[in-house]
> 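Have a look at this one.
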Number of protein chains: 2
Amino acid sequence: MTEQHFTISELAGEFGITTRAIRFYEEKGLINPRRAGQQRHYSASDRVRLKLILRGKRLGFTLDESRDLIEMYDPGHGNVEQLNLLLKKIDAREATLQRQLRDIAGMQRDLQEVRQRCQQALETQRKQSSKL
Amino acid sequence: MTEQHFTISELAGEFGITTRAIRFYEEKGLINPRRAGQQRHYSASDRVRLKLILRGKRLGFTLDESRDLIEMYDPGHGNVEQLNLLLKKIDAREATLQRQLRDIAGMQRDLQEVRQRCQQALETQRKQSSKL
DNA sequence: TTTTACGTTGACGTTAACGTCAACGTAAGT
DNA sequence: ACTTACGTTGACGTTAACGTCAACGTAAAA
């Protein structure tokens, strides 16, 4: 198997972002592609990292937060204190996710309510206009 | 019943934000408190608006997006086209909420996996140290 | 009356997350 | 050799969402 890789514009195209953005993520320490001379070569795992970044963005996370999250995924440098700290971080993340779930549920209820009022208003208009 | 209201610092205190932020939301057209002379007086519904803004923020919405959303909640100026457009907007929101739900689920799976690896690593260390 | 607490309106500063050039290298096609 | 396509590194510009003064008004408390 020949170590498959991607160019920067391939990834940019696939994810609908600019190459500038991708380089920016690298500046911020979120990705570290290999170099073939000057050019960047992105591995499959680099691509996954990009996915994670974008998922984070969709949930309103900052790049710093996403980097933290991504760093959790790799090996973990053994130390017991580090591991316990990592577990704490995980719990913290879980907590914010839970709150987001509640917020989404609330927003869905609100939208549903507006939707119904909206449909009723349309119903009313339909009846009114059929009276003419 | 005496129209109960809040001062700017009361709301700031309650929601853990600054008065500056609240005035900024007003500048951006998200709230419109009454005035008693110079001073702002926030009604219960102004307070609700603030809550909605903050919920939006927790989900990564911009202030402009939150204003759009909040504007959906009030009367709705009758027009049929407007109402249909509103329904479209609602559907669009719902779609992004659904994607967020998927993203959260994915992130929870990831976190769970890291948590387990982390706990296994701790287990291993425990056994190792008990060998001494 | 003077401090203290709270409010007001500018105006400028700041951070995040890029966009937008400029100026250049490289490799392939014609 | 020349263009075309793609890549690179700065450097500066921009927008959102406030923070941080400054300079001032007002009303109650000491």
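Not measured: the values here are computed from a predicted model. Residue numbering restarts at 1 for every chain, and letters A, B, ... go by the order of the sequence lines.
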> Using a heavy-atom cut-off of 4.0 Å to chain B, what are the terminal contacting nucleotides of DNA chain D, in 5' to 3' order?
dA17(D) to dT20(D)
> Hey, which of these two, R20(A) or T19(B), hits DNA chain C nearer its 5' end, going by closest nucleotide?
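Here T19(B) is the residue nearer the 5' end.
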> Is the closest basic N to carboxylate O distance between R93(B) and E65(B) below 4.0 Å?
no
> Based on the rotation axes of five pairs at each end, what angle does the helix from dT1(C)-dA30(D) to dT30(C)-dA1(D) bend through, to 10°?
10°
> Pull out every residue in residues 37-60 of chain B that has a heavy atom closer than 4.0 Å to any atom of DNA chain D, ordered by number, or say none.
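Contacts with DNA chain D under 4.0 Å: K57(B).
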> Taking R115(A) first and then D110(A), would you say they form a salt bridge - that is, a charged N and a carboxylate O separated by under 4.0 Å?
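No salt bridge links R115(A) with D110(A).
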> Do we see a donor-acceptor contact under 3.5 Å between the side chains of Q98(A) and E94(A)?
yes
> Touch check for T7(A), heavy atoms < 4.0 angstrom, all strands: base, sugar-phosphate only, or nothing?
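The residue T7(A) makes sugar-phosphate contact but no base contact.
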> Does a side-chain N-to-carboxylate-O contact under 4.0 Å join R117(B) and E113(B)?
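Answer for the salt bridge query: yes.
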> Name the atoms and distances for all side-chain donor-acceptor pairs under 3.5 Å in residues 42-54 of chain B, with sequence neighbours left out.
residue	atom	partner	partner atom	Å
S43(B)	OG	S45(B)	N	3.3
S43(B)	OG	S45(B)	OG	3.4
S43(B)	OG	D46(B)	N	3.2
S43(B)	OG	D46(B)	OD2	3.2
D46(B)	OD2	S43(B)	N	2.9
R47(B)	NE	E14(B)	OE1	3.1
R47(B)	NE	E14(B)	OE2	3.1
R47(B)	NH2	E14(B)	OE2	2.7
R49(B)	NH1	L30(B)	O	2.9

> Base, sugar-phosphate alone, or nothing: which one does T18(A) contact when heavy atoms must sit under 4.0 Å apart?
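Sugar-phosphate, backbone atoms only, no base.
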> One pair to check against side chain to side chain contact (heavy atoms under 4.5 Å, CB included): L11(B) and T19(B). What are the steps and the verdict?
CA-CA 8 Å; L11(B) 291 185; T19(B) 61; over 6 Å; no
> Stepwise, does the salt bridge (Lys or Arg N to Asp or Glu O under 4.0 Å) test hold for D64(A) with R67(A)?
CA-CA 5 Å; D64(A) 284 0; R67(A) 188 194 45 216; 3.6 Å; yes
> Who are the salt bridge (Lys or Arg N to Asp or Glu O under 4.0 Å) partners of E27(B), not counting sequence neighbours?
none
> Do the side chains of R58(A) and D103(B) get close enough for a salt bridge, i.e. N-O under 4.0 angstrom?
yes
> Test of understanding: with side-chain contact (heavy atoms from CB on, under 4.5 Å), list the residues that count as partners of N84(B), not counting sequence neighbours.
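Expected list: L122(A), V80(B), L87(B).
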> Between E10(A) and A21(B), which has a closest nucleotide on DNA chain D that is more 5'?
E10(A)
